Amino acid sequence: MSTASLLLGHSTAELYTDTPTRRVPGHAANPRRLGAHLVGDGIDVAVHASRATRVDLCLVDVAADGSLSERRYRLRGPVSGVWHGHLPGVRAGQRYGFRVHGRWDPASGLLHNPAKLLLDPYARALAGSVELVPAIHAHVVGEDLSPADGPWLPDPSDSAPFVAHAVVVDDAFDGAVPPPRVPWSETVLYEAHVRGLTMRLPEVPPELRGTYAGVAHPATIAHLKRLGVTTVELLPIHANFPEPFLTAKGLTNYWGYNTLAFFAPEPTYATRAAQEAGPAAILAEVKGMVSLLHAAGLEVVLDVVYNHTCEGGEGGPSLSLRGLDNTGYYLHDGTTPARLVDVTGCGNSLDFRRTRVVQLALDSLRYWAGEVGVDGFRFDLAVTLGRNGAEFTPHHPFLVAMATDPVLSATKLISEPWDLGPGGWRTGQFPAPMADWNDRFRNTVRTFWLADPAAAAKGHTGHDLRDLATRLSGSADLFGSGEVPGGRGPYASVNFVTAHDGFTLADLVSYEHKHNEANLEGNRDGTDDNRSWNHGMEGPLPADSPAAEILPLRRRSMRNLIGTLLVSAGTPMLTAGDEIGRSQAGSNNPYCQDNEISWIGWDREGWHGDLLRTVSSLLTLRSEHPVLRPGRFASGRPATEDDVLPDLSWFGATGEAMTAQAWHDPHGRVLQMLRSGRPLEDSDALVVLNGSLDQQTVTLPTGRGADYELVWDSAWERPAGPMHAETEPLGMVASPGEAVQLESLSMRIYLAG
């Protein structure tokens, strides 16, 4: 499909005509409050455009036949780069935008073009959508959207019919429910996509599936509560615009990591009824979703993208920031001609050396936390937000501002601690009170349970046990240092085995190679570092397949991965659908698949239901026993409240303490972790892991001298335990020093005392 065939709704664009404009009659009461706000008899408006010579506020009116007309008013200013004014007679529901006059000098990065109607960066609601046509570009482009030969010339086409319009909104909402304020010690994150979570959930009415209202439907909430998670982390819901190369292929940016507006919710995730009722109804549906989840005791964390925008690289459209102040918002290299610096891999990077960029991000965060009521944020490519140009610093003004802000510091702040720029991997280096996604945990756990056994099956040697023990005990090597003695503590490590980016849990144990053909990129996209294992046969297997004997092994591997996640010190994150074994057909990069590849299938019969019960049982066990979620890094010595056991001890298969030689032995595949529960007024917890391909005889350590009760074994298909446990209850109890048999590639959890 050619790009030219995508020109929607209009074959040609009208030329922009500059008309005399009246100056807006009044001053904004507070020019520092950016955006459009209802004040008295009208609205106060303020927008930052530091290099402009004139900024027009354009009120957009839509006739019955869909045609547009404008009423333009020249804003006052600039005051420290801000243009502002008060306009009486404007009420909620009014569409508006800005036209910016100024110097056209692409070599200097200046792309002012009043023919382009620009979206207010502070717009809290949108009407209409962006159409991929030449007219949305500040410079002249061809029908294929590539720049014309020669110097860039300003495009005279009026973009107003082809872009989204900001809408004045009334922020009043009388249904807010106070947040549950789940402490980090009890937090279990559940990463989900608004559409993908409920598009196929049969208990949700069809008209609510794939919407904000669907996320808060009683059936969805019932599943989340039964599962035992506490905090729903939603993939981006900021309004977005797909990359042109995806649109040209008939695809879309399903994940939404291509932000158009940092304050406005994505309209297409609202119910049809809300969309037809208008932007205010869409915003109300989002606030209602948050309130209903709060009422159920669930928190809401938003995945937010402040590192780049949908305006792309050089040659991209001029929709908002590019036309307002291109060099003031985007990171440039300082050369002539001006070139964007791209540390995100998305074409542009916001320049967090700039005061207005920091203000934009902080104001957006405060709005979503204060007005919408969300409980926290996960920052995509967060290293970009802490860069002073090329260099990252944990003391960046933006990070310090969040850490000290009275509103934001009380929310959950989670970093994706990397980007694609120089020195871009920064796991463990963000400041308190932030938590970081711990990719080292993901890689280590996958390696122990999947990559190493896969290598062993081919006669190769894997890794020793040192890194696994470090991850199980909270990753003190990453989170144990910083400005405060002891570092940020284990909860700052967001532990995960899967996320939206990569294989699902079921695909990790079913595929050794990515299968991203549906993305139409020749299967070149997506990582090749999956650390997965298909257990001998690639892809799905029917139950009557000659290779079906590996299916129980795959299911056990899934239980091993989840079990390890939930007994490790740190904050666990589950990916929606993993609890029922959903598959993406081997895709590890379904960012552009708004279809059954990405949507949860909600099969809860057979082994899918058994897995759901297992995960729920493990989460209940973790909730009931603080010994499974320690809040401090272990010292290896007895705590003050315990004169017998160290807070954390390690043992090998013989029940003897691990020696230096054992820690460095790549052939060692059995590890026992004993945590003292006495300081927490809890039982002691013994976790036994057998990562070998063979059944192992394991001697349990002496511990405190009390018997060990087996509460979970990953060899069990369901959490009730093996059938013999009902008739042989003593099989669930083992004495200190007793030898027990662990199935190959399995783990156990014992409680004692």
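Throughout, numbering of the chain's residues begins at 1 and tracks the sequence. Computed from a prediction, not measured in an experiment: that's the story for all the values here.
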With a 6.0 Å cut-off on ring centres, are His238 and Trp368 close enough?
yes
Would you compute the distance between atom OG of Ser409 and atom CE of Met434 and round it to the nearest 0.5 angstrom?
12.0 Å
Under a 4.0 Å threshold between the charged nitrogen and the carboxylate oxygen, would Arg23 count as salt-bridged to Asp56?
no
My understanding is that only residues two or more places apart in sequence, or in another chain, count here; which of them pass salt bridge (charged side-chain N to carboxylate O under 4.0 Å, His left out) with Asp155?
Lys116
Could you tell me if Arg426 sits above the aromatic ring of Trp418, with its cationic atom closer than 6.0 Å to the ring centre and no more than 45 degrees from the axis?
no
So Val358 and Arg356, side-chain contact (heavy atoms from CB on, under 4.5 Å) or not? Walk me through it.
CA-CA 5 Å; Val358 172; Arg356 295 303 183 186; over 6 Å; no
Heavy-atom side-chain proximity of Ile414 to Asp436 below 4.5 angstrom:
no
Below 4.5 Å, heavy atoms only, C-beta onward: do Val82 and Val47 meet side chain to side chain?
no
Search all heavy atoms of Tyr96 against all heavy atoms of Ala36 and return the closest pair with its distance.
OH-CB, 3.4 Å
Spell out, as yes or no, whether a donor-acceptor pair under 3.5 Å connects the side chain of Arg322 to the backbone of Glu311.
yes
With side-chain contact (heavy atoms from CB on, under 4.5 Å) as the test, would you mind laying out the steps for Thr247 and Glu243 before giving the verdict?
CA-CA 7 Å; Thr247 305; Glu243 294 88 342; over 6 Å; no
Look at Arg339 together with Glu314 and state whether they make a salt bridge at an N to O cut-off of under 4.0 Å.
no
Using modelled atom types and a 3.5 Å cut-off, is there a donor and acceptor pairing between side-chain atoms of Thr259 and backbone atoms of Asn240?
no
Value rounded to 0.5 Å, distance of CD1 in Ile237 from OG1 in Thr268
11.0 Å
Do the two ring centres, one from His308 and one from Tyr257, sit under 6.0 Å apart?
no
CZ on Phe263 to CG on Asp120, rounded to 0.5 Å
8.5 Å
Look at the side chain of Asp44 and the backbone N and O of Ala29, then say whether any donor-acceptor pair between them is shorter than 3.5 Å.
yes
Stepwise side-chain contact (heavy atoms from CB on, under 4.5 Å) test for Val300 and Glu233
CA-CA 6 Å; Val300 181; Glu233 182 179 307; over 6 Å; no
If you measure from the Lys or Arg side-chain nitrogens to the Asp or Glu carboxylate oxygens, is any gap between Asp325 and Arg354 under 4.0 Å?
no
Residue pair Gly345 / Leu420: nearest heavy atoms and the distance that separates them:
CA-CD1, 3.6 Å
Look at atom CG of Asp529 and say whether more than 12 heavy atoms of other residues, nucleotides or ligands are closer to it than 6.0 Å.
yes
Measure from the side-chain N and O atoms of Ser320 to the backbone N and O of Leu324, and report whether any donor-acceptor pair falls under 3.5 Å.
no
Any chance the side chains of Asn253 and Asn258 put a donor and an acceptor closer than 3.5 Å?
no
OH on Tyr491 to OG1 on Thr571, rounded to 0.5 Å
7.5 Å
Just by modelled atom types, is the Leu331 backbone N or O under 3.5 Å from a matching donor or acceptor in the Ser349 side chain?
no
Compute the ring centroids of His193 and Tyr269, then answer whether they are less than 6.0 Å apart.
yes
Where Leu321 and Pro121 come nearest, the two heavy atoms and their spacing
CD2-CG, 3.6 Å
Flag the pair Phe262 / Tyr306 as yes when their ring centroid distance falls below 6.0 Å, and as no otherwise.
yes
Could you check Thr21, Leu87, Leu57 and say which one makes a side-chain contact (heavy atoms from CB on, under 4.5 Å) with Leu75?
Leu57
Would you say Ser159's side chain and Leu117's backbone share a donor-acceptor pair under 3.5 angstrom?
yes
A side-chain contact here means heavy atoms from C-beta on lying under 4.5 Å apart; do Val140 and Pro147 qualify?
no
Less than 4.5 Å apart, side chain to side chain, heavy atoms only: is that true for Asp405 and Leu362?
no
Are the side chains of Arg442 and Thr444 in touch, meaning some heavy atoms are under 4.5 Å apart?
no
Show your reasoning for whether salt bridge (charged side-chain N to carboxylate O under 4.0 Å, His left out) applies to Asp351 and Arg387.
CA-CA 8 Å; Asp351 189 350; Arg387 286 187 182 273; over 6 Å; no
State whether the side chain of Thr393 and the backbone N or O of His395 hold a donor-acceptor pair below 3.5 Å, judged by distance alone.
yes
Between His500 and Trp255, does the ring centre distance come in under 6.0 Å?
yes
Determine whether Arg440 and Asp477 make a side-chain contact, defined as any pair of heavy atoms from C-beta on separated by less than 4.5 Å.
yes
For the side chain of Asn516 and the backbone of Asn519, is there at least one donor-acceptor N/O pair under 3.5 Å apart?
no
What pair of heavy atoms forms the shortest contact from Cys310 to Pro317, and how long is it?
O-CG, 4.3 Å
Do Tyr367 and Asp171 make a side-chain contact, defined as non-hydrogen atoms from C-beta onward lying under 4.5 Å apart?
yes
Output the distance between atom CG (Leu350) and atom CG (Leu360), rounded to the nearest 0.5 Å.
7.5 Å
Residue set satisfying side-chain contact (heavy atoms from CB on, under 4.5 Å) with Pro31, at least two apart, ordered chain then number -> His84
Is the backbone of Leu111 close enough, under 3.5 Å, to the side chain of Asn326 for a donor and an acceptor to pair up by distance?
no
Find the distance between CZ (Phe379) and OG (Ser415) and round it off to the nearest 0.5 Å.
9.0 Å
Is it the case that the side chains of Asn530 and Asn588 hold a donor-acceptor pair, with the cut-off being a distance below 3.5 Å and no angle test?
yes
Indicate the atoms forming the closest heavy-atom contact of Leu68 with Ala160, along with that distance.
CD1-O, 3.7 Å
Take Thr252 and Asp594 through the test side chain to side chain donor-acceptor pair (under 3.5 Å) and record every step on the way to the result.
CA-CA 7 Å; Thr252 189; Asp594 188 4; over 6 Å; no
Is the backbone N or O of Ser587 less than 3.5 Å from a side-chain atom of Lys514, with the two atoms forming a donor-acceptor pair by type?
no
Any side-chain donor near an acceptor of the partner, Arg32 and Gln359, under 3.5 Å
no
For the pair Leu340 and His332, evaluate side-chain contact (heavy atoms from CB on, under 4.5 Å) and give the outcome as yes or no after the intermediate values.
CA-CA 4 Å; Leu340 292 170; His332 285 74; 3.4 Å; yes
Do Phe479 and Arg488 touch side chain to side chain, with heavy atoms closer than 4.5 Å?
yes
Less than 4.0 Å between a side-chain N and a carboxylate O, is that true for Lys412 and Asp375?
no
Less than 4.0 Å between a side-chain N and a carboxylate O, is that true for Arg33 and Asp363?
no
Exercise: identify the closest heavy-atom pair between Gly570 and Asn495:
CA-ND2, 3.6 Å
Do we see a donor-acceptor contact under 3.5 Å between the side chains of Thr384 and Thr344?
no
Contacts of Glu70 meeting salt bridge (charged side-chain N to carboxylate O under 4.0 Å, His left out) (sequence neighbours excluded), chain-then-number -> Arg72, Arg99
